Undergrad: 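The structure under discussion is supplied below as structure tokens; questions concerning it will follow.
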Amino acid sequence: MSFILLVLLTLLPAVFGQSWQQYLDGLVQALNTDGLTTLASASAALNSSSEGQLVAQSLSAGNWTLFAPNNQAFSSAPINLTSDPTSVRNLLSYHVVHGNFTDQTSSYPKITLGRTLLNDSSLVRLEGNESQVLAWSKGGKGIFVLNNGTIVPVVNKTVYQNLQVLVIGSVLEIPQNLSDTLANSTYDITTLAGALSSINVSTDNSTTLLNVLNNARGITLFAPNNSAIATANCIGGLLPNTTALIALFGNHVINGTTVYSPAFTGGNNYTSASGEPFAFKTNSSGVYVSSAGSNWAHIMRSDILTSNGVVHVIDSVLLDTKVNASAANSAYQSATSLAASMTTETGPVGVAPTTSVGH
Ligand SMILES: *[C@@H]1O[C@H](CO)[C@@H](O)[C@H](O)[C@H]1NC(C)=O
Ligand SMILES: *[C@@H]1O[C@H](CO)[C@@H](O)[C@H](O)[C@H]1NC(C)=O
Ligand SMILES: *[C@@H]1O[C@H](CO)[C@@H](O)[C@H](O)[C@H]1NC(C)=O
Ligand SMILES: *[C@@H]1O[C@H](CO)[C@@H](O)[C@H](O)[C@H]1NC(C)=O
Ligand SMILES: *[C@@H]1O[C@H](CO)[C@@H](O)[C@H](O)[C@H]1NC(C)=O
Ligand SMILES: *[C@@H]1O[C@H](CO)[C@@H](O)[C@H](O)[C@H]1NC(C)=O
Ligand SMILES: *[C@@H]1O[C@H](CO)[C@@H](O)[C@H](O)[C@H]1NC(C)=O
Ligand SMILES: *[C@@H]1O[C@H](CO)[C@@H](O)[C@H](O)[C@H]1NC(C)=O
Ligand SMILES: *[C@@H]1O[C@H](CO)[C@@H](O)[C@H](O)[C@H]1NC(C)=O
Ligand SMILES: *[C@@H]1O[C@H](CO)[C@@H](O)[C@H](O)[C@H]1NC(C)=O
Ligand SMILES: *[C@@H]1O[C@H](CO)[C@@H](O)[C@H](O)[C@H]1NC(C)=O
Ligand SMILES: CC(=O)N[C@H]1CO[C@H](CO)[C@@H](O)[C@@H]1O
């Protein structure tokens, strides 16, 4: 009898619909109990704006994973949690991932990605208005988040209702735009940033290739690192020929599709912005990419997230200056129509098949 009563009591909120306010109150209480008091105050602040309330509403149904910064994390982050409800909403949204699947995380260098709640159009410009993703992996000491070029280990774990809570010791950075990402020296791709900003794509010299990539919605960039650019003889030879340079760098880009590393498998064929097919191969030393049978470049570092896509660092320039304009155009068109029909993943991003919860 008492067991049945217990089951009934457990099911009651599900049957009669626990309000999101009750859910949020309970969450704030649970976070406080776990000593995550700053995060608790930030979560309580969701209640003070309609946009924050939408986040609380979303959280109250379905399965979620919360990457929960501890008090120490907040104390060393330059954040004023009472200054602006939009910033608080965005910051919390980036710490919440759809689904409950971190126990399926593969070991580094494999990377797992999940779709967060962050969709503010001033911070995220992915294809199909998709929300930003979060990237993590697993090492000897467990799961760690890959964020802004650093590793943020999960230090504790707890559960609140439908929420897996993974405690972390840093507040996560929301991915920046592409040009700021390239310019930050952590990634060893600053020379590429210079090269892309020196290539004019308009006759009046007002728009550079870097501008075009920065303004794209949904872009994948295979970024040759500094020594790759320095040793690529071809670039010197092509230098006066802007058309050839645009073709070359266009063969390092997927236009309209953000492709994360889990999709780098032999069976997947993506077309470059210049219209050439990419190929991928994996062996014991790592994952490699080529453009239409060019040299194979080793992917040195994958899944550097930007506000409008993703960057993967490679160790050599893909030596391909061919162009197939109609293939490029049709790839972009199909990327656009695919993006329009995309649903929000509740499992690992970039791994087929994905489950969906509608858009
Ligand atoms: C949110 O606001 C409602 C009504 O103003 C209040 O009842 C509730 O306790 C608040 N919840 C939190 C977590 O502050
Ligand atoms: C982990 O969290 C639990 C509460 O959920 C707490 O009792 C414990 O002290 C925490 N451990 C560490 C190392 O923070
Ligand atoms: C962002 O997500 C919220 C749910 O958290 C939703 O209500 C809102 O419409 C979304 N905004 C955009 C621009 O997609
Ligand atoms: C939540 O996850 C459980 C498994 O942990 C699954 O059975 C259930 O369908 C999921 N619910 C939703 C709404 O995704
Ligand atoms: C945070 O911002 C609020 C509102 O702008 C301000 O009143 C408060 O003094 C700020 N707190 C800190 C620690 O800067
Ligand atoms: C991201 O990392 C770079 C390089 O380490 C650093 O300069 C920058 O301050 C970090 N971003 C933020 C928002 O802290
Ligand atoms: C998440 O999934 C695991 C099993 O994979 C389950 O044990 C756990 O209860 C789930 N957590 C939530 C909050 O649904
Ligand atoms: C564009 O830049 C090139 C190379 O710097 C220069 O030769 C050309 O005159 C410029 N065109 C215009 C319209 O400014
Ligand atoms: C510039 O490169 C393009 C494409 O590779 C080529 O068709 C064209 O002949 C080159 N122009 C010059 C002046 O070398
Ligand atoms: C690969 O390309 C071919 C021909 O363009 C297409 O028919 C096929 O569906 C593509 N495969 C995948 C996995 O996208
Ligand atoms: C992507 O394709 C669109 C439509 O063809 C085009 O306007 C845009 O310049 C392309 N972007 C890149 C980076 O090639
Ligand atoms: C050189 C450069 O662009 N650095 C940027 C690194 O990232 C921070 C923000 O995360 C920017 O403020 C810097 O300008």
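Just so it is clear, the model here is predicted, and its values are computed rather than measured. Residues take their numbers from the sequence shown, with the count starting at 1. Counting convention: from 1, in listed order, for ligands and their atoms alike.
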Undergrad: Using heavy-atom distances, let me know which of Val55, Asn119, Asn129 sits nearest atom 3 (C) of ligand 3.
TA: Asn119
Undergrad: Using only heavy-atom distances, determine whether the side chains of Thr37 and Asn32 contain a donor-acceptor pair under 3.5 Å.
TA: no
Undergrad: With distance as the sole test, does Trp64 use its side chain to make a donor-acceptor pair with the main-chain N or O of Ala61 at under 3.5 Å?
TA: yes
Undergrad: Mark up the atoms of ligand 3 that fall under 4.0 Å of a heavy atom belonging to Leu54, in ascending order.
TA: 7 (O)
Undergrad: Got a sec: does the CD of Gln29 have more than 12 other heavy atoms crowding it under 6.0 Å?
TA: no
Undergrad: Quick test: of every protein heavy atom, which one is nearest to atom 5 (O) of ligand 11, and how far off is it to 0.1 Å?
TA: Asn329 OD1, 3.6 Å
Undergrad: What's the shortest heavy-atom distance between Phe67 and Trp136, and which atoms?
TA: CZ-CE3, 3.9 Å
Undergrad: Measure from atom 7 (O) of ligand 1 to the protein's non-hydrogen atoms and state whether any distance is below 4.0 Å.
TA: no
Undergrad: CD of Glu51: more than 12 outside heavy atoms within 6.0 angstrom?
TA: yes
Undergrad: Going by the atom numbers of ligand 11, which of them fall below 4.0 Å from some non-hydrogen atom of Leu213?
TA: 13 (C)
Undergrad: Among all protein heavy atoms, pick the one closest to atom 13 (C) of ligand 1 and tell me residue, atom and distance.
TA: Asp25 OD1, 2.9 Å
Undergrad: Counting only nitrogen or oxygen atoms and a 3.5 angstrom limit, does Asn255 reach ligand 11?
TA: yes
Undergrad: At what distance is the nearest protein heavy atom to atom 9 (O) of ligand 11, and which residue and atom is it?
TA: Val212 CG1, 4.2 Å
Undergrad: With heavy atoms of Leu117 as the reference, note each atom of ligand 3 found under 4.0 Å away.
TA: 5 (O)
Undergrad: Between Thr258 and Glu127, do the side chains contain a donor N or O and an acceptor N or O under 3.5 Å apart?
TA: yes
Undergrad: Can you see whether Ser285 engages Asn283 through a side-chain donor-acceptor pair at a distance of less than 3.5 angstrom?
TA: yes
Undergrad: Strictly under 4.0 Å, does any heavy atom of Ser58 approach an atom of ligand 3?
TA: yes
Undergrad: Is it true that His312 and Phe222 have ring centroids separated by less than 6.0 Å?
TA: yes
Undergrad: Tell me: protein heavy atom nearest atom 10 (C) of ligand 1, and distance?
TA: Asn47 ND2, 2.3 Å
Undergrad: Which atoms of ligand 11 have any heavy atom of Ala273 under 4.0 Å away?
TA: 14 (O)
